[in-house]
Amino acid sequence: MTPETLAEKVLSATRAAFEALGLDGAVLPSRTAVERPRDPKHGDYASNIALQTAKKAGTNPRALAEQIAGILAAADGVAKVDIAGPGFLNITLDAAAAGEIAGKIVAAGPSYGTNGSMEGVYANLEFVSANPTGPIHAGGTRWAALGDALARIMRASGAKLTTEYYVNDAGAQIDHFASSLLARAKGEPTPENGYVGAYIDEIAADVLKRRPDALDAPEPLEVFRTVGLELMLDDIKGTLADFGTHFDVFFSENDLHQRGELDAAVQRLSELGHVYEADGAVWLRTTDFGDDKDRVLKSSKGAWTYFAADCAYYLDKRERGFEKLVLMLGADHHGYVGRMQAISRAFGDEPGTLEILIGQFVNLLSNGEPVRLSKRAGTIITLNDVVEAVGVDAARYALTRYSADSAIDLDIDLWTKHGNENPVYYVQYAHSRTNGIIRTATERGVALGDGYDASLLSHPLETELLKVLAEFPAVVATAAELREPHRIARYAEELAGAWHRFQSSGCRVAPGHDEDPTPVNVARLWLATASRIVFANALGLLGVSAPERM
RNA sequence: GCCUCAGUAGCUCAGCUGGAUAGAGCACCGGACUUCUAAUCCGAUGGUCGCAGGUUCGAAUCCUGCCUGGGGCACCA
């Protein structure tokens, strides 16, 4: 029995109890959940529904719990229901009912963990969106890992999602980028506000390789702008692809300008009555929507601001049909939240249409000291530096196992260790060990066959492992709802612990060398196979590999 | 000054949409490999959940104020 099924039984038992006691069923929630108690003495699952509803219904939690327990105890698969403390229901399942979950997981395979919590949500998830004037830095690396994992998790929860990278290929920064390239190509010093680093020299050289005539062209700067941008963007795309992060759309800001979408967006905002002119500039009255000051759309010099492009981009996304726009930004951009939300409201959208996730910074540590300089970029640590230091798997795992709200110190020494102090190895090793055990059991004649006797999975550590396995779909759903990929990593670590404990307990999956397989071996092979599936699925949601052998 | 994130074991962090005796890894101490991967496991030690109030049957979790640290407050991009 899955926790979800049990929760439904708890709810229907509660409904029946309300009826029996003549209480008003209107106070009951439409759904409830059971939790896995920390203390095994409290049964397999616990429900606090009596505590949550008794007061509203005007009765005593304990009395209500008594009534629910009586009804629930008679349900299929429920062995025992105890009442504890102020009114907790402690539920123990039949071993067979608990053991069924292994079969369900094996049957579901790669789809185990998918759930419908975001079914029908048509969403756009934008992340990284680093300026194409240089390599992706450490902060962007975090969003690359986190955003990609979140995309996988939301899709596993049924969302119809497009991932998107906004390319700021218009404006002054690109001008500085182009003039920096041109200067280096001519062997001149980098101009003021220019970009420096080995990559500028490389790209300048590559532009010349592709366009040997670049310096003699009628407008050399334009050649360096166009070709340089393309090369830089290709470099970024390649880096992201190597990192396992996929974007459905790379959206060009320049296209917005070319298509006249800024004028159209501002026109629309103007019609809605939120635009005014003052001091020679054109403003959006964002203060009507909670921003702390109004924002300029067009400067007194007649140039569109970046903010005007933001408005156009927002409108473009909405006109492409997305109902929910999720935007991941670094903590250095949190000041943008107010004005971005104001754009959404100014266009008449409901609160919640635009959702902005703010993530804190990443520091790279080596020997306990912050690493500050990048080999290639010269100034700041890049995604490639991080991957070079710890590898893709460790980097992705390290960047997704912490809440985005926490600033993290990524310690190179820790994340390259081969031991259980390194969480990614701990989890990957558990997977490969599971795989090895299945391999050995298979060699010794154990096969899944047509089925297994679920009641044989009754050892306390088997029961515990089954409960952890059963939790996975709910963990995925919660991670999707709260946009918190780190829950998947933490869950994987918990599962690894449960698995290692099970297999260290003397509960053997494979028979001894000269022994014939028993029904217990078969049942455990189902359990091991289910475990392997969940490890692989959990790591898959994080974009981390699940090695067969280590 | 305002906004925002964080403050939980010696260290790094979970837990925070209110629930039972606050957890994990590391570190330290003591154990377990003729047996499916010891890259593992078991046990012990370790806590005024930053401080002070409040809300209630119940607060690490919600509210208010304060303290400390990170980040941010452009007609830049």
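Below, chain A is the first sequence line, B the second, and so on; all start at residue 1. None of the values given here were measured: they were computed from a predicted structure.
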Scan A/Arg549 against the nucleic acid and name what it touches under 4.0 Å (heavy atoms): base, sugar-phosphate only, or nothing. base
Distance-only donor-acceptor pairs under 3.5 Å for side chains of residues 27-36 of chain A, two or more places apart:
residue	atom	partner	partner atom	Å
A/Arg36	NE	A/Glu471	OE1	3.1
A/Arg36	NH1	A/Glu464	OE2	2.7
A/Arg36	NH2	A/Glu471	OE1	3.0
A/Arg36	NH2	A/Glu494	OE2	2.1

Discussion item. Over all strands shown, is A/Tyr402 touching base, sugar-phosphate only, or nothing at heavy-atom distances under 4.0 angstrom?
Written reply: sugar-phosphate
Please determine, by modelled atom types, if A/Asn168 and A/Gln173 share a side-chain donor-acceptor pair under 3.5 angstrom.
no
Between A/Arg225 and A/Asp175, does any NZ, NE, NH1 or NH2 come within less than 4.0 Å of an OD or OE carboxylate oxygen?
yes
For nucleotides 18-30 of chain B, 5' to 3', base contacts (B), sugar-phosphate-only contacts (S) and non-contacts (-) with protein non-hydrogen atoms under 4.0 Å give -BBB-S-SS----
Between OH of A/Tyr166 and P of B/A77 the distance, given in whole Å, is 11 Å
Using the ring of each side chain (for Trp, its six-membered ring), is A/His500 parallel, tilted or perpendicular to A/Tyr426, with breaks at 30° and 60°? tilted
In terms of ring plane angle, is the pair A/Phe289 and A/His274 parallel, tilted or perpendicular, where the classes change at 30° and 60°? perpendicular
- Query: Hey, is A/Lys80 close enough to A/Asp82 for a salt bridge, meaning N to O under 4.0 Å?
  - Reply: yes
All heavy atoms of A/Pro423 vs all of A/Tyr397, minimum pair found to be CB-CE2, 3.7 Å
message: Applying side chain to side chain donor-acceptor pair (under 3.5 Å) to A/Asn435 and A/Ser432, what does each step give before you reach the verdict?
response: CA-CA 5 Å; A/Asn435 207 63; A/Ser432 71; over 6 Å; no
Would one find a side-chain N or O of A/His333 under 4.0 angstrom from OP1 or OP2 of B/C73?
-> no
task: Would you kindly say whether A/Tyr306 and A/Glu253 are connected by a side-chain donor-acceptor distance under 3.5 Å?
output: no
Between CD1 of A/Ile488 and P of B/A14 the distance, given in whole Å, is 15 Å
Discussion item. Classify A/Gln503 by what it touches in the nucleic acid, base, sugar-phosphate, or nothing, heavy-atom distance under 4.0 Å.
Written reply: base
Would you classify A/Glu277 as touching base, sugar-phosphate or nothing, given that sugar-phosphate means primed atoms plus P, OP1 and OP2, and contacts are heavy atoms under 4.0 Å? nothing
inquiry  = Considering every strand and a 4.0 Å limit on heavy-atom distances, what is the contact class for A/Ala331: base, sugar-phosphate, or nothing?
reply    = sugar-phosphate
Contact string for nucleotides 4-9 of chain B, one letter per nucleotide 5' to 3', B = base within protein heavy-atom range under 4.0 Å, S = sugar-phosphate only, - = neither, reads SSS---
Assigned chi class of B/C33 under the 90° convention is syn
Contacts satisfying side-chain hydrogen bond (donor to acceptor under 3.5 Å, both in side chains) that involve residues 401-414 of chain A (not counting sequence neighbours) are A/Asn363-A/Asp409, A/Arg401-A/Glu493
_For A/Tyr165 together with A/Phe127, are the ring centres under 6.0 Å from each other?_
no
Describe the nucleic acid contact of A/Thr478 in one word from base, sugar-phosphate, nothing, applying a heavy-atom distance below 4.0 Å. base
Regarding A/Gly512, tell me which of base, sugar-phosphate or nothing describes its non-hydrogen contacts under 4.0 Å with the strands shown. nothing
From CD of A/Glu484 across to C1' of B/C16 the rounded distance in Å is 10 Å
One should report the stems of RNA chain B, each a stretch of at least three consecutive Watson-Crick or G-U pairs at distances under 3.5 Å, as B:1-7 with B:67-73, B:10-13 with B:23-26, B:29-32 with B:40-43, B:50-54 with B:62-66
A/Ala145 and A/Thr400 have their tightest heavy-atom pair at O-CG2, 3.6 Å
Rounded to whole Å, NZ of A/Lys417 lies from P of B/U12 at a distance of 14 Å
Using a cut-off of under 3.5 Å, enumerate the N/O to N/O pairs linking the protein to nucleotides 74-76 of chain B.
residue	atom	partner	partner atom	Å
B/A74	O5'	A/Lys293	NZ	3.2
B/C75	O2	A/Ser300	N	2.6
B/C75	O2	A/Ser300	OG	3.0
B/C75	N3	A/Ser300	OG	3.4
B/C75	N4	A/Asp279	O	3.2
B/C76	N4	A/Tyr336	OH	2.5

Taken to the nearest 0.5 Å, the spacing of A/Gln67 CD from A/Asn60 CG works out to 12.5 Å
Testing B/G72, B/U17, B/C36 for proximity to the side chain of A/Thr440, the answer is B/C36
From CZ of A/Phe361 across to P of B/G70 the rounded distance in Å is 13 Å
From CG of A/Leu64 across to P of B/C57 the rounded distance in Å is 17 Å
Exercise. Using the side chain to side chain donor-acceptor pair (under 3.5 Å) rule, take A/Asp169 and A/Ser252 through it: C-alpha gap first, then chi angles, then the decisive distance, then the call.
Key: CA-CA 6 Å; A/Asp169 52 4; A/Ser252 160; 2.6 Å; yes
Per nearest nucleotide of RNA chain B, the residue lying toward the 5' end, A/His486 or A/Asn168, is A/His486
Rounded to whole Å, the CG-C1' distance (A/Asn521 to B/C36) equals 10 Å
Practice task
With heavy atoms under 4.0 Å as the rule, sort A/His500 into base, sugar-phosphate or nothing.
Solution key: sugar-phosphate
Separation of B/C36 atom P from A/Glu515 atom CD, nearest Å, is 12 Å
